[in-house]
Colleague: 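Once you've had a glance at the structure underneath, I'll fire off some questions.
Predicted model only: the values in this text are computed from it and were never measured. When a ligand or atom number is given, it counts from 1 through the structure's own listing order.
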Amino acid sequence: MRRLWVRFSALFFLILLVVILMPITFALLNDSPNILDEIVILVAEGEVEAISQRVEEQQREFARGLILILITGGILGVLVGIYVSRTITAPLDDLRNATERIMGRDYSVRVPEKGSEEIQAVSQSFNEMVSQLEDSENLRRKLLSDVAHELRNPLHVIRGNIEAMIDGVFPMNEEELGHILGQTQVLTTLVEDLREVAQAEANQLDLNRQPTEIAKLIDETVRSYQSAAAEKEIHLELELLGKLPTLNIDAGRIRQVLLNLLSNGVRYTPKGGTMRVAVEQVDQIVEIRVKDTGAGIEPENLPYIFDRFYRTDKARTREKGGTGLGLAIVKALTEAHGGTATVYSAGPNLGTQFTLTLPIAGADL
Ligand code: ADP
């Protein structure tokens with residue numbers, strides 16, 4: 001009885017039943033003798049006049065019965081009509097009211113998920129859609145305020161330094177100008193990173209896919225980072241496990257993904273630590289694991305680590321020069337290649353492992 005068509009069919013069948021059963025019930029309840037028997041008796045008695053009287057009486061009775069059936073059927077029909085239309089119009093009214101509130105940017109609204117299966121399904125889809133709208137609206141607001149916040153810091157420093165120079169507090173020399181230049185570099189990186197994430201998330205990245213030997217690409221990238229790791233006395237190892245395939249990827253972008261992970265590794269691993277990059281083919285994917293013995297990540301921070309501007313230690317990491325977009329770029333670029341990016345850490349000071357997967361299928365080689 002939860003499907004709309006079952007309910008409606010049952011109701012129409014009920015009306016039909018009532019309309020058919022009513023005359024039968026009347027006939028059964030009516031204990032007056034059969035009209036034919038009466039006429040036979042009247043003919044036998046020679047009461048010809050009474051016959052036509054009796055026939056007229058019978059016709060009137062029939063008309064009365066018909067009117068009664070029509071009225072009862074009509075009332076029943078109207079009641080069923082009201083019920084049927086209420087079943088459909090009430091949820092439609094709810095949907096219309098909710099839509100109006102959404103148009104007014106109120107995303108907290110939800111419609112009741114009740115009624116027939118079909119209406120429940122529509123209400124559920126509607127509520128899911130509103131939830132997604134609410135999430136993306138919250139993300140949009142958060143992004144706007146994060147961007148404003150991130151821009152404010154370097155702008156403050158630039159402005160403060162220039163004002164100090166004008167007031168003669170700071171000398172106008174190469175060193176001071178270098179500080180200002182450094183901050184403009186922070187701003188430039190931030191804007192470029194933001195553009196990259198926005199384009200990747202909107203699927204607007206122009207990926208320059210070329211057949212690329214993944215082993216060679218990773219080997220070169222890790223080598224190029226050896227000196228930065230050595231500077232911090234971090235041991236950087238590469239393990240190329242088994243035979244590795246050629247992938248149809250944008251080598252520049254995948255190199256950037258790896259560099260972001262390597263620079264994080266170096267940033268969050270103390271002196272004397274180890275970073276290990278392992279690459280392996282598992283079924284139809286290539287798995288790239290970047291593991292360090294550094295600061296680790298608390299379990300409650302893990303789900304948000306790839307979010308834009310998410311930092312586990314806000315002040316410390318900003319000071320260290322990160323834009324807070326490195327991992328968002330890692331995720332967006334990997335997903336643009338049809339892959340995935342995940343993170344695992346056993347907890348603070350227990351190191352971190354990032355795992356990237358890149359599909360081999362569709363490599364078009
Ligand atoms: P940031 O520019 O701050 O490094 P990311 O997006 O690259 O931004 O990283 C987001 C946050 O994830 C960092 O602020 C840091 O808290 C955490 N994180 C990233 N990589 C590591 C790592 N290898 N070890 C520990 N924490 C990390």
Colleague: For I297, take its heavy atoms, then give the atoms of ligand 1 lying under 4.0 Å from any of them.
Modeller: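 Within the 4.0 Å cut-off of I297, ligand 1 contributes 25 (C), 26 (N), 27 (C).
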
Colleague: Tell me whether the rings of F354 and F306 are parallel (<30°), tilted (30 to 60°) or perpendicular (>60°).
Modeller: perpendicular

Colleague: Below 4.0 angstrom from a heavy atom of G326, which ligand 1 atoms are there? Numbered from 1 as shown, please.
Modeller: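 Per the distance check, 5 (P), 6 (O), 7 (O).
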
Colleague: Counting only heavy atoms, tell me which of V290, I305, D307 gets closest to atom 12 (O) of ligand 1.
Modeller: I305

Colleague: Where the closest heavy atom to atom 23 (N) of ligand 1 is concerned, which of N301, D292, N264 has it?
Modeller: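 Ranked by closest heavy atom to atom 23 (N) of ligand 1, first place is D292.
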
Colleague: Please round to the nearest 0.5 Å and tell me the distance separating atom NZ of K331 and atom CG of L333.
Modeller: 12.0 Å

Colleague: Between L327, V330, L261, which one has a non-hydrogen atom sitting closest to atom 9 (O) of ligand 1?
Modeller: L327

Colleague: With a 4.0 Å cut-off, would you call D219 and K216 a salt bridge?
Modeller: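 No, no charged N to carboxylate O under 4.0 Å.
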
Colleague: Does the distance from a Lys or Arg side-chain N to an Asp or Glu carboxylate O, for E57 and R54, drop under 4.0 Å?
Modeller: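 Here E57 pairs with R54 in a salt bridge, since their nearest N and O are under 4.0 Å apart.
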
Colleague: Would you check if there is a donor-acceptor pair between the side chains of H156 and R159 at a distance under 3.5 Å?
Modeller: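 Absent: no donor and acceptor within the cut-off.
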
Colleague: Any idea which atoms of ligand 1 are less than 4.0 Å away from a heavy-atom of T323?
Modeller: 2 (O)

Colleague: Could you tell me, atom by atom, which parts of ligand 1 come under 4.0 Å of a heavy atom of F354?
Modeller: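 The atoms of ligand 1 under 4.0 Å from a heavy atom of F354 are 20 (N), 23 (N).
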
Colleague: Ion pair present between R140 and E137, side-chain N to carboxylate O less than 4.0 angstrom?
Modeller: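 Between E137 and R140 there is a salt bridge, with a charged N closer than 4.0 Å to a carboxylate O.
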
Colleague: Between Y310 and ligand 1, which part of the residue brings a heavy atom under 4.0 Å of the ligand: side chain, backbone, both or neither?
Modeller: backbone

Colleague: I'd like to know if R308 contacts ligand 1, where contact means a heavy-atom distance under 4.0 Å to any ligand atom.
Modeller: no

Colleague: Between the side chains of E196 and R253, is the shortest nitrogen-to-carboxylate-oxygen separation below 4.0 Å, so that they form an ion pair?
Modeller: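 Looking at E196 together with R253, the answer is yes, because their closest N to O distance falls below 4.0 Å.
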
Colleague: Going by the atom numbers of ligand 1, which of them fall below 4.0 Å from some non-hydrogen atom of G324?
Modeller: 1 (P), 2 (O), 3 (O), 6 (O), 8 (O)

Colleague: In terms of side-chain geometry, is the basic nitrogen of E239 or R289 positioned less than 4.0 Å from the acidic oxygen of its partner?
Modeller: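 No, E239 and R289 are not salt-bridged.
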
Colleague: Taking 4.0 angstrom as the limit and counting only heavy atoms of T352, give me the atoms of ligand 1 inside it, by number and element.
Modeller: 22 (C), 24 (N), 25 (C)

